[in-house]
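Everything on this sheet refers to the single structure shown next.
Owing to the predicted nature of the structure, the values given are computational and were not obtained by experimental measurement. Each chain gets a letter, A, B and so on, in the order its sequence line appears, and its residues count up from 1.
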There are 2 protein chains.
Amino acid sequence: MARIDELRLMTQVARMYYEQELRQPEIMKRLNLSQSTISRLLSRARESGIVRITVNVPSGTHPELEEALQERYRLKQCVVVESVDDEEQIIRELGEAAAFFVETTAGPGDVIGISSWSAALLAMVDAMHHGARGGARVLQILGGVGSPGAEVHATQLTRRLAHLLNGEATLLPAPGVVGSRKARDVLLEDRFVAEATRLFDQVTLALVGIGAVEPSRLLAESGNVFSKSELNTLGRHGAVGDICLHFFNEQGNPVATPLHDRVIGMSLEQLRRVGRVVGVAGGKRKTVAIKGALAGGWINILITDRNTAERLLKG
Amino acid sequence: MARIDELRLMTQVARMYYEQELRQPEIMKRLNLSQSTISRLLSRARESGIVRITVNVPSGTHPELEEALQERYRLKQCVVVESVDDEEQIIRELGEAAAFFVETTAGPGDVIGISSWSAALLAMVDAMHHGARGGARVLQILGGVGSPGAEVHATQLTRRLAHLLNGEATLLPAPGVVGSRKARDVLLEDRFVAEATRLFDQVTLALVGIGAVEPSRLLAESGNVFSKSELNTLGRHGAVGDICLHFFNEQGNPVATPLHDRVIGMSLEQLRRVGRVVGVAGGKRKTVAIKGALAGGWINILITDRNTAERLLKG
DNA sequence: GCCGCGCGTGAATCTTAATTCAAATGCGCA
DNA sequence: TGCGCATTTGAATTAAGATTCACGCGCGGC
């Protein structure tokens, strides 16, 4: 009935509100309408399409992929960075994104567990600014990997992160893999090691790399922790990747091998109890590993690159 | 620095807020950000153009013209209806728009003055629905024009409006123009006339037609209130139009003629003290008259048609 | 013709969002 | 190398906006 007049009024109010940026109380005065009426007119204007709100996706960001991954793999959050040709560069991008993520979302209440050894996590620490909001405790949740020297690198990573966040570091002064279950049990009794492992179940935010089974360069360079035969065994059991040196297959199920008992670090089960587990990984080589991690639900936040994201959504 | 990451975050938050329609507290939980931060990210997303809000103007409405007229003539409000070929039809449109305007913006606190005689105001009352929000007092602010019969029409208009608004009517039982100043003074002493005129300065919303000097058909039909010579006199003084039978020239200045003292109704000065004075008029013939009314500031709300609006903006 | 029913309204209320404020920090500059 | 300056942040506060509620009304069924 009063169709056209209503439209006119809706339009007028919408323009005052959205274009002239007048507040509802002001419009109320000017048009002699109650604030309720204005609010209702505005919502009808939105419904009816008189007012259109669009979110323009800036190039280089991929919210659709992020949302699709979240949906598909029940993730809490997901960050997809732009892919570039150079794999090194992708790692840097991932690191920067991860750094930003941690800087913006980690607070003084958090206990951040960081799993050495991962190129992406290293890049993250490199990209991080100092003086973000302070005070998160940083905990090393995996022993150093490879030669004793590399072990030091691992603790350095933890230390640097703690320093950058103005927080306190708790180190795990032990190798990530030892020769036998027995050796591990002995090390777990070490005072400092025990101190770190006790904190495992207080972790609120875990940062983990995702390893591909085909040995990554870094692992290799760190001294070939795993022998050829060990890798073969893993391969025969269908292992596609690892988190904290705990391996899983493409479906995400843990692969039980003797290796399991030789790792000093958080177990997958412990990880699963953590509120936010952030996996940082990208690149073609890692796709299957990431898929396994996602399928097993071992991470609930993923930071990856566009191409990998697309591959993860295809299969 | 963190440029791209910021963009990503802004986009993500914007999508959650505007597309998924999550509230800020919900986003806060999901993204581990404070509500303040989310609010700030959203306003930056709007500023930076990631979020774009547009108001689509429905066809048949002309907010740009309305705003231009408001700006140019210092109006409180303005309504521009679509122009059609048929002048009768325009009057009906104006009436409907005016009816809607009164229905939506007049409340129980209002004292509505209505100036008979105007085809547009007649159309307004015809278009009005019963049962709008109630209780405004309706006051006739101009005597009946023309033959004693027409006088009755005028009071009917007032009565009908009052009835439609569930309000009380106060009539002005007198002719709009009498033969002499003396005759007017006598009539002003009439008890009922005096009752009405006493209310003039309590009017909060005046509804007036705008007359062109070239006698409108209605005036003519109502019995040629003004003689040829009177019209000539007005013409010689540059009168272009009238409100409540008070004439003004193109610049809006009142035209002082003996007619002035023979009118029974609100004066322009009284009208100027009213909070909202709504002029309802359109059509080519009336353009100059409307311009005068606007120039003189005798109305502060205008309801007109598109073509007239455009003409008013040209000169 | 009278009685509910549903719609639409404004005032009050409650939710949501913006802003203020104080604290903490990096940075430029002496 | 220290000293403000300008940022940036979250908690608290204030402002703004959505919704609830009660009411009044027209309208259609009985």
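Residue B:Arg46 is in sugar-phosphate contact alone, with no base atom involved, counting any heavy-atom pair closer than 4.0 Å across all strands shown.
The nucleotide whose nearest atom lies closest to any side-chain atom of A:Ser34 is, among D:dG17, D:dG10, C:dG10, C:dG10. Among C:dA11, D:dG17, C:dT19, the nucleotide with an atom closest to any side-chain atom of B:Ser36 is C:dT19. Side-chain proximity of B:Tyr17 to the nucleotides D:dA18, C:dA17, C:dT20 is greatest for C:dA17.
In the interface, the side chain of B:Gln35 is paired with the base of C:dA18 through a donor and an acceptor atom under 3.5 Å apart. Not a single donor-acceptor pair, N or O on each side, falls under 3.5 Å between the base of D:dG17 and the side chain of A:Arg40.
Atom pair B:Arg23:CZ and C:dA17:P shows a separation of 5 Å (rounding to whole Å applied). The CG atom of B:Leu33 sits 14 Å away from the P atom of C:dA17 (whole-angstrom rounding). Whole-Å rounding puts the A:Glu6 CD to C:dC7 P distance at 15 Å. Taking atom CD of A:Glu21 as the reference point, atom C1' of C:dA18 lies 13 Å away to the nearest angstrom. Computed from coordinates, the A:Leu42 CG to D:dA16 P distance equals 15 Å when rounded to whole Å. Note: CG (A:Leu41) to C1' (C:dT9) measures 12 Å, nearest angstrom.
Checked by atom type, the side-chain pair B:Gln89/B:Arg92 shows a donor-acceptor distance below 3.5 Å.
Under the 6.0 Å distance and 45° angle rule, B:Arg23 counts as a cation-pi partner of B:Tyr17.
Within the structure, a side-chain polar atom (N or O) of A:Thr37 is placed less than 4.0 Å from OP1 or OP2 of C:dG10.
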